[in-house]
There are 4 protein chains.
Amino acid sequence: MSLFDPLFRWDALQELFADRARLQAMLDFEAALARAEAATGVIPARAAEAIVAKCRVDRIEIEALAADAARAGNLAIPLVAQLTGLVARDDPEAARFVHWGATSQDAIDTGLVLQLRPALERIDGELRRLADALARLAAEHRATPMVARTWMQQALPTTFGLKAAGWLDAVTRARERLGEVRRRALVLQFGGAVGTLAALGSRGSDVAAALASELQLRLPDVPWHAHRDRIAEIGGALGLGTGTLGKIARDVALCAQTEIGELAEPEAEGRGGSSTLPHKRNPVASAIVLSAAARVPGLVATLLGAMDQEHERGLGGWQAEWETLPEIVGLTGGALHHLTNAIVGLRLDTARMRANLEATQGAIFAEAVQMALGSALGRAQAHERIASACRAARTEGRQLREVLAADETIARLLSPEELDRLFDPAAYLGEAGRFVERVLAAHAAVRARE
Amino acid sequence: MSLFDPLFRWDALQELFADRARLQAMLDFEAALARAEAATGVIPARAAEAIVAKCRVDRIEIEALAADAARAGNLAIPLVAQLTGLVARDDPEAARFVHWGATSQDAIDTGLVLQLRPALERIDGELRRLADALARLAAEHRATPMVARTWMQQALPTTFGLKAAGWLDAVTRARERLGEVRRRALVLQFGGAVGTLAALGSRGSDVAAALASELQLRLPDVPWHAHRDRIAEIGGALGLGTGTLGKIARDVALCAQTEIGELAEPEAEGRGGSSTLPHKRNPVASAIVLSAAARVPGLVATLLGAMDQEHERGLGGWQAEWETLPEIVGLTGGALHHLTNAIVGLRLDTARMRANLEATQGAIFAEAVQMALGSALGRAQAHERIASACRAARTEGRQLREVLAADETIARLLSPEELDRLFDPAAYLGEAGRFVERVLAAHAAVRARE
Amino acid sequence: MSLFDPLFRWDALQELFADRARLQAMLDFEAALARAEAATGVIPARAAEAIVAKCRVDRIEIEALAADAARAGNLAIPLVAQLTGLVARDDPEAARFVHWGATSQDAIDTGLVLQLRPALERIDGELRRLADALARLAAEHRATPMVARTWMQQALPTTFGLKAAGWLDAVTRARERLGEVRRRALVLQFGGAVGTLAALGSRGSDVAAALASELQLRLPDVPWHAHRDRIAEIGGALGLGTGTLGKIARDVALCAQTEIGELAEPEAEGRGGSSTLPHKRNPVASAIVLSAAARVPGLVATLLGAMDQEHERGLGGWQAEWETLPEIVGLTGGALHHLTNAIVGLRLDTARMRANLEATQGAIFAEAVQMALGSALGRAQAHERIASACRAARTEGRQLREVLAADETIARLLSPEELDRLFDPAAYLGEAGRFVERVLAAHAAVRARE
Amino acid sequence: MSLFDPLFRWDALQELFADRARLQAMLDFEAALARAEAATGVIPARAAEAIVAKCRVDRIEIEALAADAARAGNLAIPLVAQLTGLVARDDPEAARFVHWGATSQDAIDTGLVLQLRPALERIDGELRRLADALARLAAEHRATPMVARTWMQQALPTTFGLKAAGWLDAVTRARERLGEVRRRALVLQFGGAVGTLAALGSRGSDVAAALASELQLRLPDVPWHAHRDRIAEIGGALGLGTGTLGKIARDVALCAQTEIGELAEPEAEGRGGSSTLPHKRNPVASAIVLSAAARVPGLVATLLGAMDQEHERGLGGWQAEWETLPEIVGLTGGALHHLTNAIVGLRLDTARMRANLEATQGAIFAEAVQMALGSALGRAQAHERIASACRAARTEGRQLREVLAADETIARLLSPEELDRLFDPAAYLGEAGRFVERVLAAHAAVRARE
């Protein structure tokens with residue numbers, strides 16, 4: 001564990017990408033390969049047993065392996081060497097058949113896929129927990145009025161329910177995309193030195209099929225050593241997810257500003273304090289999520305930029321992926337975990353929401369009045385008249401409602417009661433409620449299928 | 001048209017993203033909105049007719065619009081203003097109803113979607129043309145031997161058919177992804193000022209449904225003004241596609257090196273010459289594709305990084321998309337078009353392919369011998385023995401086959417005939433042929449469904 | 001001009017990077033080359049005159065050139081071809097000597113440098129205008145109190161003068177960096193086909209020196225066709241500058257929020273309105289600057305990623321620069337110009353600044369009290385005591401000053417007068433004034449040297 | 001140490017960025033602060049001694065600290081808490097004065113600067129070692145002919161000395177830039193909670209000056225908590241350096257291709273082997289350098305994109321730097337160290353270089369002939385005539401020299417002896433030698449000043 005891991009990452013994922021887990025995943029490949037080759041009669045069953053017995057990371061000398069990897073250029077070569085040595089100690093005959101017909105990249109890529117499979121499953125589960133929490137917020141607050149802001153300026157009333165529903169809708173799409181990517185990208189890598197499986201003579205396809213079956217991975221039509229779109233698309237889907245998490249965190253952080261005060265992250269002992277300011281409660285989760293949203297795009301670009309891998313195995317591009325994709329997984333997972341906790345415990349101050357609706361002395365109801373006048377005056381003329389009333393109200397420090405009531409043309413067109421209604425936030429929410437319903441229904445449908 | 005457009009872009013896409021096309025797409029939104037509002041009784045049918053009649057970009061004063069946009073902060077405000085003026089000249093009553101209940105972003109985003117729809121369709125068509133060309137190459141050359149290279153070093157024999165099949169397999173995935181994205185991302189944007197459609201009172205949903213139907217766009221559950229994952233995922237899918245194009249171009253450029261000479265881009269008058277060197281034939285298409293592959297990742301990162309848009313409409317992030325996504329489309333399309341032409345006319349020098357198989361004095365057949373010896377000696381011992389023979393052959397400038405024949409242990413295990421067979425590239429292709437078949441079958445299945 | 005140019009770019013730079021300007025810069029190279037070669041006796045003086053006479057972009061057929069460039073792979077080949085044709089019409093002898101001994105990249109790179117020279121000078125001038133405006137703000141408001149915010153939470157008092165001084169300090173560094181880059185990167189490119197100037201026999205160095213002198217460019221030690229660090233570092237320096245502009249715009253946009261209202265961009269007719277909301281005044285300049293700050297980093301990454309150019313001239317990497325660096329210049333310049341205008345006309349609401357200091361019921365003065373108590377109680381105990389008082393004040397809706405006054409321990413240590421002073425923002429500004437002075441002095445020193 | 005550290009990083013830098021080193025650097029800040037405050041009479045000398053005595057990382061419980069950091073949002077808060085506890089155990093009075101007047105970011109940023117100072121010094125030292133090795137190569141091979149390649153096609157003769165000189169020239173600029181950045185960016189961070197040093201009353205500036213002096217860091221005009229251009233420019237300078245390393249590695253990898261064989265990385269036991277192919281010698285160092293060149297640009301973009309930090313301390317942007325800049329340092333350092341070792345032991349095959357000059361049957365001498373004919377025929381006509389001869393030679397498989405000798409026009413203008421000379425690579429090297437001299441002289445001048 002490194003110092004920043006608890007801050008930026010989620011331990012449920014970190015354990016899957018620890019050094020030992022990475023090696024074990026490669027050893028799982030080697031074990032499954034031995035089994036598949038025994039099952040297809042390519043190597044003796046006894047040899048397979050001897051090999052499988054040694055495919056345990058606790059037998060591996062990791063420091064030596066790391067040093068050898070720097071010379072060899074990848075992890076598989078020294079790992080296979082150590083494994084062969086371990087097998088040979090007990091059964092020199094069997095040692096001949098370690099890694100039989102495979103290439104380093106087969107072990108490395110398939111090992112990565114074996115790590116990604118549970119990782120993406122856990123991420124999906126956490127996205128589901130986030131979606132459920134958002135659905136609760138949307139349902140509970142479907143009628144809670146707050147101000148909507150565009151270009152960081154107060155615009156019109158909306159509801160917190162609609163804001164939460166918008167977040168949920170995007171999270172639902174993130175899960176949908178992740179599902180597509182998991183189906184397409186989590187496939188076996190097995191091609192031998194150059195993707196022909198030539199070392200296995202006529203048995204390559206049989207072994208490949210048995211190996212895929214052993215590992216319960218889909219068998220692709222062709223090995224993909226130098227075609228990295230699957231790897232890059234996993235990064236891309238996580239990048240899109242992190243972007244959505246960033247959008248939610250940005251909203252939370254803005255609404256948590258001292259001067260706005262509508263939302264707050266959950267409080268806890270030692271959380272979000274300051275080393276010097278006793279009154280501070282910093283939105284730590286938002287900061288973590290926003291930092292991930294700032295970091296992941298560049299990492300996704302790295303994966304995309306590394307796709308032009310040379311010939312049958314790349315020089316530089318492939319190696320650029322090794323730490324980059326796990327980093328994307330780690331940052332996305334950390335952001336997700338922190339944000340989910342923050343949303344589950346999110347504190348709303350509905351009184352501040354209501355108070356903030358008053359901040360513009362009525363100007364945020366200007367559109368409502370304009371639409372009411374529009375059928376009589378036309379959109380453009382109504383727009384201009386109201387804009388001028390807004391300027392007057394602002395300059396003179398008056399309520400817009402008063403300024404309008406004092407305008408004879410307007411007074412002729414709108415009664416005091418009509419004006420009152422136009423300045424009621426609850427009366428100018430349009431389809432907000434219906435939109436919330438639709439998003440909740442879509443969420444429920446997804447959950448019902450699970 | 002700008003100077004670099006013919007070099008980096010494809011005119012079939014550029015016409016869709018020209019200034020006039022962009023404005024027309026927004027006017028198409030305004031016209032459809034008027035029709036939808038007339039159909040739902042929100043505005044008079046006569047007004048809709050008057051509006052629709054003016055929704056033609058040739059009526060718009062573009063320079064003035066651009067200057068006004070710089071003040072207003074977006075294109076829709078001055079466009080709506082000009083449109084309103086045009087309508088008002090003939091029918092002041094109707095002018096009231098221009099852009100009724102909509103917001104700038106509704107017009108801008110939906111306009112963009114209306115541009116993207118044909119653009120992605122053309123890209124898919126060109127990907128199909130590329131896939132067909134690759135399928136022809138894979139089929140024709142399924143048995144054409146060439147050397148496979150890993151880490152930019154000769155490794156083993158393979159076939160050009162398998163190389164082409166690998167390219168095709170990746171292009172097929174690019175089309176699959178693009179299909180998913182088109183289904184998910186090409187949806188209507190219509191939410192009014194803050195995404196509630198409040199200005200339309202109780203008619204918002206009806207108008208939205210009618211509008212979606214007018215434009216033949218899918219209606220999303222909720223407006224998505226500040227949720228930009230759909231935009232970013234279009235960029236991401238194109239980025240993955242460009243990455244695959246870059247991989248193909250990298251292979252072509254490497255195989256076209258003077259010293260390798262296995263592939264060449266099609267020749268044409270004035271193509272790939274030098275301003276000073278009379279003998280040069282530069283691989284221009286590869287350069288263009290590789291430059292796109294270098295440029296698109298950073299643009300995708302921009303879209304991902306801009307996703308944390310504030311509240312109900314972003315400040316900066318949204319604006320960052322306006323030129324970025326069209327640029328991704330343009331670069332991807334240009335790369336695709338140039339590469340497809342290059343692949344359609346690709347020149348193969350199969351004699352050079354065969355000659356290059358001889359370049360290592362037999363060392364690329366080392367694995368074949370090693371596997372043949374492996375069952376007798378074990379993989380590790382065989383590996384070491386052959387590696388040492390390779391070193392000897394290299395140092396002494398001899399053929400590996402000779403060195404091995406002179407090794408008594410090996411001579412005992414392998415007869416001269418067996419050795420001959422082990423040094424025949426056609427005999428060490430493993431599943432290459434079968435892999436080609438599978439990829440071609442998958443391609444045929446896709447094409448049969450179209 | 002394209003639709004978005006007035007919004008995102010600055011016309012003073014756009015004119016330098018228009019298609020015609022780009023070609024003219026290359027023609028300026030060709031003319032200077034002819035003169036230099038005449039001056040060194042490499043070509044006849046008469047030929048140079050004939051060539052120079054035709055080096056005018058208004059003679060060039062641009063559409064044909066663009067189409068030919070797509071085939072040739074760069075702009076120089078068809079430009080040289082057209083120029084040769086023009087010269088040949090009047091003086092076939094002279095036409096022999098067009099582009100004598102040069103390569104396409106010499107014309108393209110040097111042309112770019114000739115465009116960058118005035119562009120960077122104009123950017124520096126505008127940065128100076130920005131710095132001057134910031135210096136005025138810092139000086140005028142060195143004692144204007146406002147609240148400082150960390151983690152987007154109110155923290156302590158500061159002054160607007162210090163905020164402006166922080167902006168100025170960073171702008172000063174941006175100018176310093178730009179100066180270094182201009183000195184190092186704006187150098188002649190002249191190496192002939194592969195950087196040896198072999199085509200000029202023994203006269204290469206003489207011609208190069210004369211050419212550098214003609215163009216008033218520094219002569220580098222060696223041609224740099226495939227070493228692109230100079231190009232990338234120009235992009236990097238502009239990227240750092242844009243980052244600083246983005247920081248300033250972020251602050252302005254946050255302070256311009258409806259609920260904060262401390263700053264506003266200058267008002268102007270048609271500026272920052274909404275297509276539907278009559279009361280809106282959107283911070284358009286901030287949006288533009290923030291969009292540039294979101295876009296430029298990915299473009300800088302493209303330049304950095306494209307640096308691994310092959311051998312003596314790159315394939316793909318070089319081409320990736322052609323539009324990217326001008327785009328960085330354009331976006332930086334546009335952001336700079338818009339921000340400078342916004343800062344020159346920036347509106348301050350010092351009353352809101354003062355009012356916002358009251359928003360936390362005194363909690364922002366907590367550190368002051370803590371430090372006052374610290375020498376008696378120790379930092380940790382004081383911190384804890386005050387944090388608890390803050391919680392009490394917040395929960396009970398009381399002023400922190402009252403809560404503290406009611407605490408006997410504290411009352412014993414701090415008199416009411418002392419407490420009053422601790423809750424005076426002007427009394428807790430530390431070195432703010434002195435920091436402002438230092439930054440202003442540094443700015444004045446820079447300006448005095450100019 | 002993690003599995004990939006020996007592969008991608010350099011242990012001389014990794015030790016500077018280990019968890020413990022990071023904490024120690026922050027403790028060094030705290031110790032120096034205590035000393036500076038004692039020296040200026042702000043805290044008792046005895047307290048400073050007590051604090052300084054505990055500022056040792058071996059006293060810190062790192063796992064607990066990491067867990068607390070995840071709650072607090074940064075490392076400084078729990079570190080200060082543990083330090084305070086340690087001091088309090090021995091001297092409760094002194095514990096009051098731990099971190100007196102400082103803020104978390106002061107400790108974190110200054111700590112980072114204290115790590116960067118030796119790191120950049122070591123990087124500069126390794127760049128110097130690389131430069132020296134390149135200078136030796138350039139000097140030794142100033143006259144070694146090889147073919148120059150543009151667009152990945154053989155173009156003309158050059159020398160390996162010139163290639164090495166081009167590399168050296170770029171490395172020299174990398175050192176120059178790094179020097180500028182070290183001078184500008186390695187400064188003290190000390191501003192207290194919001195950058196005013198208010199907690200120190202009137203003593204802030206004195207303490208700051210004493211602290212800078214204690215740490216031997218330059219004192220900036222103003223704290224820079226939310227102005228991150230210094231951090232980003234360090235990343236940028238390293239990014240430019242990595243780009244240059246990538247360029248060198250790209251050239252090495254291309255020249256090491258089996259079919260070219262002009263360069264090879266040094267051989268060593270276990271280096272660059274394959275898990276299955278006994279004959280392979282993979283260019284591992286090049287792969288590592290190229291992978292760094294693919295990864296660093298996205299990380300630099302992250303730093304640039306994170307510069308828009310809010311108000312007086314950012315939310316998300318600052319946090320995004322914490323792992324990103326050390327990662328850039330680590331990848332750059334690793335690439336540098338591996339490349340330097342590869343260059344120091346670089347193997348040249350000058351016979352292959354000479355043989356490759358023959359690969360085009362003389363076409364690479366076409367320009368020489370063209371220039372020789374140019375004064376008689378004009379550049380354009382000569383270009384066309386030679387281009388046609390090149391096509392004939394290629395099509396008919398003849399030597400270009402023969403084709404030309406058989407052309408009567410040419411035979412009239414060039415004697416057989418002249419033709420012979422034109423086909424001698426050593427006779428067409430132009431200024432290559434002089435360029436090498438200049439670069440070596442510049443290198444010697446830099447080294448003489450050191």
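Computed from a predicted structure; not experimentally measured. Below, chain A is the first sequence line, B the second, and so on; all start at residue 1. The analysis underlying the following values was restricted to heavy atoms, covering all of them including side chains, and did not include hydrogens, waters or symmetry mates.
You'll find the side chain of V194(D) reaches within 4.5 Å of the side chain of T150(C), heavy atoms only. Looking at heavy atoms from C-beta onward, M307(D) lies out of side-chain contact with K247(C) at the 4.5 angstrom threshold. The side-chain heavy atoms of R177(D) and E180(C), taken from C-beta on, include no pair separated by under 4.5 Å. By the 4.5 Å heavy-atom criterion applied to side chains, V222(D) and L162(C) are counted as neighbours.
In this structure W318(D) satisfies the ring pair (Phe, Tyr, Trp, His ring centres under 6.0 Å) test together with W322(D), sequence neighbours excluded. With sequence neighbours excluded, the residues forming a ring pair (Phe, Tyr, Trp, His ring centres under 6.0 Å) with F365(C) are F423(C), listed by chain and number. Under the ring pair (Phe, Tyr, Trp, His ring centres under 6.0 Å) criterion, W224(D) pairs with no residue at all, not counting sequence neighbours.
Interface remark: V98(D) contributes backbone atoms only to the contact with chain C (heavy atom separation under 4.5 Å). For S202(D), the part sitting under 4.5 Å from any heavy atom of chain C is the backbone (N, CA, C, O) and nothing else. For L200(C), no part lies near chain D; criterion is any non-hydrogen pair under 4.5 Å. For R250(C), the part lying under 4.5 angstrom from a heavy atom of chain D is the side chain only. Only the side chain of R434(C) has a heavy atom closer than 4.5 Å to any heavy atom of chain D. For P92(D), no part lies under 4.5 angstrom from a heavy atom of chain C. Neither the backbone nor the side chain of L299(D) has a heavy atom closer than 4.5 Å to any heavy atom of chain C. The parts of A226(D) that come within reach of chain C are both its backbone and its side chain, each placing non-hydrogen atoms under 4.5 angstrom from that chain. For A432(C), the parts sitting under 4.5 Å from any heavy atom of chain D are the backbone and the side chain alike. Residue contact with chain D, scored on non-hydrogen atoms closer than 4.5 Å, involves the backbone of P220(C) exclusively. Contact of L377(C) with chain D is made through the backbone alone, with heavy-atom distances under 4.5 Å. Of the two parts of D229(C), the backbone and the side chain both hold a non-hydrogen atom closer than 4.5 Å to a non-hydrogen atom of chain D. With a threshold of 4.5 angstrom between heavy atoms, A292(D) does not approach chain C through any atom at all.
Scanning residues 230-238 of chain C against chain D with a 4.5 Å non-hydrogen threshold yields R230(C), A232(C), E233(C), sorted by number.
Considering only heavy-atom pairs separated by less than 4.5 Å from chain C, the leading option among E93(D), E437(D), R149(D), Q309(D) is R149(D). For the set A81(C), A94(C), G204(C), the entry with the most heavy-atom pairs within less than 4.5 Å of chain D is G204(C). Between chain D and the options G195(C), G298(C), A253(C), heavy-atom pairs under 4.5 Å are most frequent for G195(C). Considering only heavy-atom pairs separated by less than 4.5 Å from chain C, the leading option among L315(D), T244(D), T242(D), L240(D) is L240(D). Ranked by non-hydrogen atom pairs under 4.5 Å with chain D, the options L429(C), T302(C), V289(C) are led by L429(C). For the set L254(D), V300(D), T158(D), the entry with the most heavy-atom pairs within less than 4.5 Å of chain C is L254(D). Your options are G239(D), P223(D), A306(D), and the one with the most heavy-atom pairs under 4.5 Å with chain C is P223(D). Comparing A293(C), A170(C), S205(C) by heavy-atom pairs within less than 4.5 Å of chain D, the highest count is held by S205(C). The choice from A249(D), A174(D), A198(D) that makes the most heavy-atom pairs within less than 4.5 Å of chain C is A198(D). Between chain D and the residues G243(C), G314(C), G317(C), the largest count of heavy-atom pairs under 4.5 Å involves G243(C).
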Self-check item: side chain to side chain contact (heavy atoms under 4.5 Å, CB included) evaluation trace for W151(D) with E310(C)
Solution: CA-CA 7 Å; W151(D) 295 68; E310(C) 296 88 354; over 6 Å; no

Practice problem: Evaluate the side chain to side chain contact (heavy atoms under 4.5 Å, CB included) criterion for residues Q381(D) and R96(C): first the C-alpha distance (whole Å), next the side-chain angles of each, then the deciding distance (0.1 Å), finally the verdict. | Solution: CA-CA 8 Å; Q381(D) 202 194 321; R96(C) 297 179 183 184; over 6 Å; no

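To the nearest 0.5 Å, the span separating CG on L219(D) from CZ on R438(C) amounts to 5.0 Å. The distance from the NE2 atom of H311(C) to the CD atom of Q154(D) is 9.0 Å, given to the nearest 0.5 Å. Atom CG of D221(D) is separated from atom NE2 of H443(C) by 13.0 Å, given to the nearest 0.5 angstrom. Between M152(D) atom CE and E312(C) atom CD the span is 12.0 Å, to the nearest 0.5 Å.
Taking all atoms of both residues into account, the shortest heavy-atom contact from G101(D) to M371(C) is N-CE, 4.1 Å.
In this structure, R184(D) pairs ionically with E176(C), as a charged nitrogen and a carboxylate oxygen lie closer than 4.0 Å.
Checked by atom type and distance alone, the side chain of E431(D) never pairs as donor or acceptor with a backbone atom of T196(C) at under 3.5 Å.
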